[in-house]
Amino acid sequence: MADVEKIEGAPERDNRYNPAEIEPKWQARWDADETLYAAESHDSGKPKFYCLEMLPYPSGQLHIGHVRNYSIGDALARFMWMRGYNVLHPMGWDAFGLPAENAALKNNTPPREWTLKNIEQMKVQMRRLGLSYDWAGTEVTTCLPDYYRWNQWIFLKMVELGLAYRKSSKVNWCPDCATVLANEQVVGGCCWRHEDTIVEQRELQQWFLRITKYADELLDGLDKMPGWPEKVRTMQRNWIGRSHGTHVDFQVTAMANTPPITVFTTRVDTIFGATSVQLAPEHALVKEWVKTDAQLAASVEEMLAQQKAARETGDIGNIEKHGVSTGKTAVNPFNGETVPIWVANYILADYGTGAIMSVPAHDERDFEFAMKYGLAVKRVIAPSLDTDELALPYTGEEEAVLIESGEWTGEACLEAQDKMAKFAEQHGFGKKTITYRLKDWGVSRQRYWGTPIPMVYCVNGHDGVPAGGVVALPESALPVLLPEKIEITQEGGSPLGKVPEFLNTTCPVCGGPARRETDTMDTFVDSSWYFYRYTDAKNDKAPFDSEKANYWFPIDQYIGGVEHAILHLIYSRFWTKVMRDIGMIKNDEPAERLFTQGMVIKDGAKMSKSKGNVVSPDDMISRYGTDATRMYALFAAPPDRDLEWQEEGVAGVSRFVARVYRLTSKFAPVVRQMEAAHGDEIAASAFAAQTPVGAKLIRTLHQTIAKITEDFSGRWHFNTCIAAIMILVNEIQASEAGMDAGDVSPATIAEVFKTLVLLLAPFAPFVAAELWEQMGGTGVLFRQPWPVADAELARESEMEIPVQVNGKLVVVIKLAADADEEAIKVAAMGDEKVISRLEGKTVVKTIVIKGKMINVVVK
RNA sequence: GCGGGAGUGGUGAAAUGGCAGACACGCAGGUCUUAGAAGCCUGUGCUUCGGCGUGGGGGUUCGAGUCCCCCCUCCCGCACCA
């Protein structure tokens with residue numbers, strides 16, 4: 001007790017919280033120990049936990065959204081360490097991409113240099129944030145050959161398996177950049193770098209990955225992924241867009257040599273109502289027919305031009321439906337009717353077969369089109385056989401039947417779909433089919449700063465390969481290195497094509513001259529499997545060791561922004577399945593659980609330079625400290641919701657941290673002394689005979705432990721976790737005088753402060769480490785065992801029971817915590833206010849929820 | 001149009017079907033100070049003091065912010081997908 005006395009006269013110096021002093025001190029210590037955050041080996045005997053946050057693009061500056069993402073992951077990683085898990089917590093850089101080339105153009109800095117410099121800057125920021133990444137063991141930089149060579153290696157495997165192939169396809173092309181753009185780089189139909197330049201569609205030879213081979217598995221797997229948000233799964237379902245339907249062949253009249261038009265429909269049951277066939281303007285037959293029909297050619301030309309314009313202004317969805325008759329007809333194989341063939345602008349060339357049968361009576365678009373052009377409308381579906389009048393178009397199918405459909409009349413729609421498809425198949429003019437919205441993944445990019453595609457074109461050709469034919473490089477030729485010396489200009493295609501040392505090589509088969517593929521891979525290739533590389537980042541013999549990957553995978557928790565719900569998260573699922581089929585890994589899916597955090601917004605809007613509402617993490621840290629900044633990011637909203645960044649809020653959290661610091665610092669000597677004298681017995685004696693103030697502190701303490709422990713296991717409402725810590729600290733502060741006066745035992749004081757610091761460790765690592773040290777704590781704080789909540793100690797001794805009469809609150813009564821139903825009833829009925837409320841009424845029944853409330857129902 | 005999410009004080013938000021607004025921010029008053037800042041203390045949904053209040057309207061229930069049905073508004077994603 002003597003020490004407590006001494007503290008009163010102690011100098012104030014130690015009690016002033018100064019993050020600018022504490023944080024660099026601890027950062028330096030942590031940085032000095034490369035193995036601090038290293039994962040242990042497979043045989044550590046501990047359960048494993050793979051905690052992963054999405055890797056950033058090295059733009060050079062972390063933004064506040066990163067801070068939020070990493071604060072969540074870091075809190076989780078530290079918590080899992082304290083729970084005794086073997087934690088893998090890696091970080092890397094998604095380092096290829098166009099911004100590096102743009103920077104090269106603007107500043108005349110080589111992309112590699114620019115990128116590596118940015119990485120260094122951002123790593124400094126991440127260290128300043130105190131993030132617990134195992135840099136030495138895991139850091140992956142995708143633009144370095146030791147990583148991208150394995151992109152090439154896997155690509156070659158895909159070529160071998162027929163999963164990578166070359167075909168001609170439409171791409172976004174910026175005439176000013178003279179390069180292909182990714183869809184994300186087309187903004188409102190214009191180039192992101194040339195705001196007034198309209199992006200064109202060009203036909204180019206491209207490399208594709210056969211993701212569609214896995215379409216069914218990718219789709220069906222979504223039903224078995226309860227750890228992924230419903231939103232993401234739904235987005236992926238829509239993206240894959242599987243739809244079941246039927247192909248039906250319509251023979252073109254009087255053109256025996258022309259192949260039949262195959263239409264795709266999901267409603268073959270309506271086929272007796274088909275009054276025309278509609279072709280996409282890009283359909284092969286249309287291309288044929290325009291050769292001999294100048295008028296048709298002109299109409300189609302105009303249609304394509306309008307479509308292009310609409311796509312460019314972004315309102316392709318609202319374009320007016322129009323079409324032109326080809327003057328030709330085709331035969332409906334189900335009823336032998338002859339129907340006109342039209343070309344229509346609303347038929348998509350790359351969905352289904354690019355041709356449909358038009359059934360105006362039972363499809364809204366077809367109806368609109370038929371009205372405009374006066375095409376026949378023939379009703380063949382009705383809710384029942386004796387329906388008279390019916391508003392058209394009528395699109396019901398579940399409780400509808402076929403009418404005026406020959407032998408099918410009277411059949412239920414859904415059954416008819418099945419039977420008619422089978423009928424078509426038996427008679428050789430159609431079959432059941434499945435269509436996907438998902439397309440094969442075009443990975444070719446006419447850019448410099450990406451992974452070179454490890455293929456060459458044999459100039460003279462050789463046995464089995466024509467002149468200019470494509471030849472895969474052998475594994476021994478990897479990596480195909482990106483040339484360092486390169487001039488990036490705005491004109492003329494892929495920059496790699498202008499580097500003779502790169503371009504010209506020899507054919508690995510015949511030894512003759514060959515030219516390299518000058519396209520590079522889409523950067524989404526890099527991010528499709530980087531998290532496997534983390535498990536074995538230094539391996540120079542293979543992408544990774546299967547045994548290591550199999551130990552760590554699947555990822556236990558993946559955390560990132562929802563903006564990657566489609567591209568990255570589908571591609572990496574695809575990649576996982578390919579690697580599984582090659583035998584590299586065993587898991588079917590990359591991540592067990594996925595968490596998508598909300599956006600950080602300011603003044604109600606997404607942060608952007610143009611709006612001038614960007615918050616700089618560095619600013620926040622220098623003003624309020626890392627701990628306060630990180631804690632605010634977790635405190636201001638639950639992590640899955642959008643977060644409105646308010647600087648006053650950061651200041652508030654900073655004041656809270658200062659209070660924690662002052663109080664803990666002040667009582668640290670008590671903790672130290674108790675620790676020296678009693679060690680492990682502190683807890684036991686703290687829980688023994690207690691003053692009311694001490695008992696209350698211990699009770700709140702254990703309620704707080706319980707709350708935080710539970711939330712980490714799934715709910716993740718860190719905002720209320722931090723609120724719970726604030727409640728605890730408020731109570732400690734309210735008890736300060738009592739503690740000074742000796743109303744609280746030193747053991748209790750020691751227990752309370754030690755536990756408080758442990759609870760704070762995942763959220764505010766710097767100040768927690770500092771206070772841990774001041775309290776004489778040894779060892780690394782985030783490896784200390786997480787405190788265990790004791791339900792007995794957490795239980796209130798008294799409870800407050802709201803008393804309702806007919807569901808309306810009348811009074812709140814206080815009772816002993818162990819009061820049973822009868823006791824609650826007696827106490828409630830004896831309360832004056834309740835008595836007056838019951839006067840002249842009959843009690844119908846009384847509902848008592850033990851420990852919660854009582855409701856008296858009267859008449 | 002389809003799909004997903006949200007709507008609660010001046011603000012961010014809290015609340016297993018059981019006391020709506022915890023915890024903060026802001027604001028107001030007080031205290032300390034030569035003064036300010038920082039602390040600290042008190043108050044803070046609305047109210048005609050009866051009550052009324054979780055976007056609106058119905059329903060289930062002893063009891064609804066929470067569950068069910070209908071509607072409105074906002075945000076996000078996809079969108080002429082046959």
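By convention in this document, chain letters (A, B, ...) are assigned in the order of the sequence lines, proteins followed by strands, and residues within each chain are numbered from 1.
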Using a 4.0 Å heavy-atom cut-off across all strands, classify A/Gly241 as base, sugar-phosphate, or nothing.
-> nothing

Between A/His362 and A/Tyr394, what is the ring plane arrangement, given parallel below 30°, perpendicular above 60°, and tilted in between?
-> perpendicular

Which one, B/U11, B/C40, B/A15, comes nearest to the side chain of A/Arg659?
-> B/C40

Report the nucleotide, chosen from B/G12, B/A24, B/C19, that has the shortest atom-to-atom distance to any side-chain atom of A/Asn730.
-> B/A24

Side chain to side chain donor-acceptor pair (under 3.5 Å) between A/Gln646 and A/Tyr632: does it pass, once the steps are laid out?
-> CA-CA 9 Å; A/Gln646 292 176 335; A/Tyr632 175 75; 4.6 Å; no

Look through every strand shown and name the nucleotide pairing with B/U16 as Watson-Crick or G-U wobble, where both distances are under 3.5 Å.
-> none

Nearest-angstrom distance, P atom, B/C41 to B/G77 = 46 Å

At under 4.0 Å between heavy atoms, what does A/Asp640 touch on the DNA or RNA strands: base, sugar-phosphate, or nothing?
-> nothing

Select one nucleotide: of B/U16, B/G4, B/C19, the one nearest the side-chain heavy atoms of A/Lys231.
-> B/G4

Beyond-backbone contact of A/Leu760 with A/Ile725, side-chain heavy atoms, under 4.5 angstrom | yes

Among B/A82, B/A22, B/G18, find the nucleotide with the atom closest to the side chain of A/Ile727.
-> B/A22

Please work out if A/Glu736 contacts a base, only the sugar-phosphate, or nothing of the nucleic acid, heavy-atom cut-off 4.0 Å.
-> nothing

With heavy atoms under 4.0 Å as the rule, sort A/Pro638 into base, sugar-phosphate or nothing.
-> sugar-phosphate

Testing B/A22, B/A82, B/C62 for proximity to the side chain of A/Leu348, the answer is B/A82

Per atom distances to the A/Met726 side chain, the nearest of B/G3, B/C19, B/C23 is B/C23

Write down the distance between CG (A/Leu643) and C1' (B/A6), rounded to a whole number of angstrom.
-> 15 Å

Whether A/Phe334 and A/Phe429 hold their rings parallel, tilted or perpendicular, with breakpoints at 30° and 60° = perpendicular

What's the NZ-P distance between A/Lys666 and B/C40, to the nearest Å?
-> 13 Å

With side chain to side chain donor-acceptor pair (under 3.5 Å) as the test, would you mind laying out the steps for A/Thr596 and A/Lys231 before giving the verdict?
-> CA-CA 10 Å; A/Thr596 50; A/Lys231 176 176 184 170; over 6 Å; no

What is the distance from CH2 of A/Trp239 to C1' of B/C2, rounded to the nearest Å?
-> 16 Å

Just checking A/Arg715: base, sugar-phosphate only, or nothing, at a heavy-atom cut-off of under 4.0 Å?
-> sugar-phosphate

Compare side-chain N and O positions of A/Gln236 against OP1 and OP2 of B/G77 and report whether any pair is under 4.0 Å apart.
-> no

Please report, rounded to the nearest Å, how far the C1' atom of B/C23 is from the NZ atom of A/Lys707.
-> 11 Å

Heavy atoms under 4.0 Å, any strand shown: does A/Met235 hit a base, just sugar-phosphate, or nothing?
-> sugar-phosphate

Taking B/C52, B/A82, B/A15 as options, the one with an atom nearest any side-chain atom of A/His717 is B/A15

Just wondering, are more than 12 heavy atoms of other shown residues or ligands nearer than 6.0 Å to CD in A/Gln733?
-> yes

What class does the angle between the rings of A/Trp342 and A/Tyr373 fall in, given that below 30° is parallel, 30 to 60° is tilted and above 60° is perpendicular?
-> tilted

Is A/Glu800 touching bases, backbone alone, or none of the nucleic acid, heavy atoms closer than 4.0 Å?
-> base

From B/C40, B/A13, B/A82, nucleotide with atom closest to A/Thr266 side chain | B/A82

Of all the nucleotides listed (B/A13, B/C25, B/C19), which has the minimum atom distance to the side chain of A/Glu648?
-> B/C25

Looking across every strand, which nucleic acid part, if any, lies under 4.0 Å from A/Phe656 by heavy atom: base, sugar-phosphate, or nothing?
-> nothing

Base, sugar-phosphate, or nothing for A/Val857, non-hydrogen atoms under 4.0 angstrom?
-> sugar-phosphate

Could you state the atom-to-atom distance from CG of A/Leu759 to C1' of B/C23 in whole Å?
-> 16 Å

Answer yes or no: does a side-chain N or O of A/Arg437 lie under 4.0 Å from OP1 or OP2 of B/A79?
-> yes

Within 6.0 angstrom of A/Glu796 CD, more than 12 heavy atoms from elsewhere = yes

Among B/G12, B/C19, B/A22, the one nearest A/Glu644 by side-chain distance | B/G12

What nucleic acid atoms does A/Asn719 come within less than 4.0 Å of, heavy atoms only: base, sugar-phosphate, or nothing?
-> sugar-phosphate

Does A/Ser243 have a side-chain nitrogen or oxygen under 4.0 Å from the phosphate oxygens OP1 or OP2 of B/A82?
-> yes

Separation of B/A6 P from A/Ile601 CD1 (nearest whole Å) = 15 Å

Quiz item: A/Gln804 side-chain donor-acceptor pair to B/C19 base, under 3.5 Å = no

Could you tell me whether the side chain of A/Asn855 has a donor or acceptor atom within less than 3.5 Å of a complementary atom in the base of B/C62?
-> yes

Remember a base hit wins even if backbone is also touched, and classify A/Ile347 as base, sugar-phosphate or nothing at under 4.0 Å, heavy atoms.
-> base

Residue-phosphate contact under 4.0 Å: A/Tyr351 side-chain N/O, B/A82 OP1/OP2 | yes

Once you round it to whole Å, what is the distance between C1' of B/G63 and CD1 of A/Ile801?
-> 15 Å

